[in-house]
Amino acid sequence: MEPKIALQLWSVQAEAKADLCGLLPKVKAWGYEGVEFAGYHGQDPEALRAALLACDLAVAASHIPFSQLRDHLAEVLAYERIIGNRRIVCPYFEFSADNWPTEIAQLQKLKQAVQAQGFEFYYHNHAHELTALPGVDVLQELARAGVQLEADLYWLEYAGVPAINWLSEQEERVGLLHLKDMAKESRQSTLIGAGKLPLADYVAFAQQQEIPWLIVEQEAFSEVSPVVAAEQNVKNLQKMFPKKVPY
C-alpha cells in the first residue's frame, strides 16, 4: 500500500481560521490527498463534510486536545463521524515526574473509550516525552500501554533520537507519520528537502509498514510564506518516493 500525503492544517493556520472550507480546494490543488485538522474554527460539520467531498479530499486524522477528549468525548466523536474522520490524535500531554504512570493510564483509558466507539486513537509526540523525565522514555511506556503513536520524526531528531532506528524498534505501535525537515543550523522546521533529515528513509519505512498517511507539517517560515511552503512541500516529498520501474 502506497502511503498518501496529507497536510496538517496547523501549517496554514491563518488561512484555515479565515476560511476553512475555502482553503480545502487549494490544498487539493497543491497536490495533497488529505488533511489533518487542528481545530475547526466554529465550522459547521455538515458544511465541512460537503466541502471535503466537493474537492475529493480525505480526512487523515484530527488533533484534539486531551481536555476536550476527556470532558466532551461524545460531542467530539459526533462531529468526527459527520466529517468522515476515524482517527483521533491527542496532540500533546505534559507528563509529570511524580505522576506519569497515572497519566499514561489516563491516555490508555481514553484510547479504550475512543476505540469502543469505532475510532482509532493515537498520541502525537514532541521532544519532551524523551527529555523531560530523567530515566523515563514516555513513548516507550505509552507503547507498552498499547497506545498507538503518530510519530513526529522531526521532534524525535530534535530530542537526539535517530528517528529511523527508533521506528524500527517501535514499528508495531506506529500508525501515522508526521514529516517536516530540520534546518541544518538553526534546527527550526524548514522546507521539505532543504534540511538535514533523511526523509526518503522515512518514506521507505512508511511503504514497508503500509503506513496509510504521511502528514506534512511546517512550523517556522524563514524562507517563504506558509502557503507557498505548503505547496512546495508536497511536491518535494513526492519526489522522494521511489520511482516505479515499468514492466
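Note that the numbering runs from 1 along the sequence shown for the chain.
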Candidates R173, Q148, E129 - the one meeting side chain to side chain donor-acceptor pair (under 3.5 Å) with Y123: E129
Pairs meeting criterion side chain to side chain donor-acceptor pair (under 3.5 Å) with involvement of residues 38-63, two or more places apart: E36-H63, Y40-S62, Y40-E80, H63-E150
Minimum-distance pair of heavy atoms, taken over all atoms of C21 and A47: SG-O, 3.9 Å
Under 4.5 Å side-chain linkage, directly or through intermediates, the cluster mates of V224: L191, V228
Pairs meeting criterion side chain to side chain donor-acceptor pair (under 3.5 Å) with involvement of residues 183-200, two or more places apart: T190-E223
Hydrophobic cluster of Y122, others only, ordered by chain and residue number, side-chain cut-off 4.5 Å: V89, L176, W213, I215
Point-to-point distance, once rounded to the nearest 0.5 Å, from CD1 of I88 to CD1 of I64: 4.0 Å
Residue pairs involving residues 96-117 (criterion ring-ring contact (aromatic ring centres under 6.0 Å, His included); sequence neighbours excluded): none
For P162, all residues meeting side-chain contact (heavy atoms from CB on, under 4.5 Å), sequence neighbours excluded: N165
Sequence-distant partners of E217, side-chain contact (heavy atoms from CB on, under 4.5 Å), two or more places apart: Q8, W10, S11, D152, H178, K180, E219
Tell me which donor-acceptor pairs under 3.5 Å the side chains of residues 138-146 have, and how far apart each pair is, sequence neighbours excluded?
{"unit_1": "Q140", "atom_1": "OE1", "unit_2": "Q170", "atom_2": "NE2", "d": "2.5"}
{"unit_1": "E141", "atom_1": "OE2", "unit_2": "R144", "atom_2": "NH1", "d": "3.0"}

Residue list, side-chain contact (heavy atoms from CB on, under 4.5 Å) with Q117, at least two apart or on another chain: L77, R81, F119
Those residues that, when tested against R87, pass salt bridge (Lys or Arg N to Asp or Glu O under 4.0 Å) (two or more places apart): E120
Partners meeting side-chain contact (heavy atoms from CB on, under 4.5 Å) with S168 (sequence neighbours left out): none
Pairs flagged by side chain to side chain donor-acceptor pair (under 3.5 Å) wherever residues 68-77 is involved - sequence neighbours left out: none
Neighbour count above 12 (heavy atom, 6.0 Å) for E172 CD: no
